[in-house]
> 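My structure is below; once you've seen it, I'll send some questions.
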There are 2 protein chains.
Amino acid sequence: MTPYYFDNTRFLVAVDCIIFGFDNKQLKLLLIKRNFRPQKGKWSLVGGFLEGGESLDQAALRILYNLSGLNDIYLEQLYTYGETERDPGERVLSTAYYALIRAEDYHLPINRESTAKWFPIEKIPNLIFDHNIMVDKAMRRLRRKSLSQPIGFELLPDKFTIPQLQRLYEAIHQRELDKRNFRKKILSMGLLKKLDEKQKTGSRKGAFYYRFDIEKYNDLVSTGFHFEI
Amino acid sequence: MTPYYFDNTRFLVAVDCIIFGFDNKQLKLLLIKRNFRPQKGKWSLVGGFLEGGESLDQAALRILYNLSGLNDIYLEQLYTYGETERDPGERVLSTAYYALIRAEDYHLPINRESTAKWFPIEKIPNLIFDHNIMVDKAMRRLRRKSLSQPIGFELLPDKFTIPQLQRLYEAIHQRELDKRNFRKKILSMGLLKKLDEKQKTGSRKGAFYYRFDIEKYNDLVSTGFHFEI
DNA sequence: CCAAAAGTGTTGACCGTACACCCATGA
DNA sequence: TCATGGGTGTACGGTCAACACTTTTGG
């Protein structure tokens, strides 16, 4: 590579991840206790610095993999924060990503147990720098996306019940939904395959499991599809 | 400032602007002929490198100001492109912004006349690097935003007529709209103030001018407002 | 047999869409 | 007087929201 641009300033670039999870009741966020300066000991998003040979997306995947051991995480770039004083230590740009992970897939690595913790989204503590702003933006994006794309399935196990899915949407939108209308709407899209199996925990009667029909989804996407809860 | 992060790689960061304009018929994009290597002579978005003391937003404003002399431009960050090989000259991250400018406000500076040019959005040439991808994303964002926020007013003069506004929405969405339904919808939001003055060019009868009612808009925004065309 | 969650339909209000004719005026 | 774009109302169909009772079964 020939260097063309020698004269220009170079910058540190961080990647910070807003990691959402769902435990069948609450929408949660994974935070860590920062173990280096500045602001050591305060809660923060999971993050790291962009390295020389990797793209931004790759850096986000690396950071998530190091934390969780998971590889196939739903991930989307959110925004890049570029205020000059956002990190009091030194000037750092930060590209924020948000991730959706299935609680069941996730097991905290032993070496993280002491420092990483899930927080319900209504109880996020004060975070370092501009991280609370990032969380707010991620929350708004998740709400919006969940209305026009079936993004919620990334937060649920492979097999799930309609009441489970409804609780997820209620957690994302922080309001109660009518179960008749919800079921009607969801099923009318034709994206769920009903299984012959029932979930027996959580109720006497039991709720049928469903599976997300990814093939039908891809068909619909390719024909310009839009769905609303 | 104490340096905390010495060990990490630093990166060149560019800011590229997708500049939309509207001339009462077509939606247009302002492009420039690149006058430095690599890929000198090819069409490109307007851009520049982020400098030491400025935020990303400030860099975008500086770049727009240098090109147009305009200060109060509608500007929004779009996405940050971080592939390692996106610039064949050397590794450069690029944060893309999109801007909406009123054609009437804009006069090309003399020194740019030979190199900057408006292109109708249906006729965008091949651009350098990943700039066509940026343009596509900006176009989709503009379409989406125009449905939920009255963003279109940024592209029109202070006083405008309903048919003018309709032509803008038709250009953004690339489909024809019914004029009765459009007028009904737009006026029902109560965001337009009718003036006592008519535009006499463009038709025999003349069309009443309207002005965007920013105060009512702010009221509505603060009460959680959503509008669709 | 009872508590607790799953499952099921109907109706009225509202909204989006389709559609055709008159108006004002400059040339 | 005529060509051109501006301006207006109605009716239909589909979608959203509100609403209450029955089913299943483990304890």
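Keep in mind the model is a prediction, meaning the values are calculated, not measured. To find a chain, count down the sequence lines: A is the first, B the second, and so on, and within it residues start at 1.
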> Test side chain to side chain contact (heavy atoms under 4.5 Å, CB included) on A:Ser44 and A:Ile128 and set out the steps.
CA-CA 6 Å; A:Ser44 112; A:Ile128 59 165; 3.5 Å; yes
> Within this structure, what is the CZ-to-P distance between B:Phe182 and D:dG7, rounded to whole angstrom?
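Atom CZ in B:Phe182 sits about 12 Å away from atom P in D:dG7.
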> In this structure, how many angstroms lie between the C1' atom of D:dG6 and the CG atom of B:Leu177, rounded?
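From B:Leu177 CG to D:dG6 C1': 16 Å.
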> Take the protein atom CD1 of B:Ile186 and the nucleotide atom P of D:dT8, then report the distance between them rounded to whole Å.
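Rounded to whole Å, this separation is 15 Å.
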> Does B:Tyr65, at its OH atom, have more than 12 non-hydrogen atoms belonging to other residues, nucleotides or ligands within less than 6.0 Å?
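For B:Tyr65, atom OH is not crowded (no more than 12 foreign heavy atoms under 6.0 Å).
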> Is a donor from one side chain sitting under 3.5 angstrom from an acceptor on the other, for B:Gln77 and B:Asp57?
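Looking only at side-chain atoms, B:Asp57 and B:Gln77 do not form any donor-acceptor pair under 3.5 Å.
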> Evaluate the ring planes of B:His173 and B:Tyr169, with Trp represented by its six-membered ring, and classify them as parallel (under 30°), tilted (30 to 60°) or perpendicular (over 60°).
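Answer is parallel, since the angle falls under 30°.
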> Under 3.5 Å, is there a donor-acceptor pair between the B:Thr80 and B:Thr95 side chains?
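Indeed, the side chains of B:Thr80 and B:Thr95 share at least one donor-acceptor pair under 3.5 Å.
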> Just by protein heavy atoms under 4.0 Å, how would nucleotides 4-15 of chain C read 5' to 3' in B, S and -?
-SBBBBB-----
> Under 6.0 Å from the ring centre and within 45 degrees of the ring axis: does the NZ or CZ of A:Lys117 meet both conditions for the six-membered ring of A:Phe119?
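Yes, cation above the ring, under 6.0 Å and within 45°.
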> Return the value, rounded to whole Å, for the distance between atom CD of B:Glu176 and atom P of C:dT17.
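One finds 15 Å between P of C:dT17 and CD of B:Glu176, rounded.
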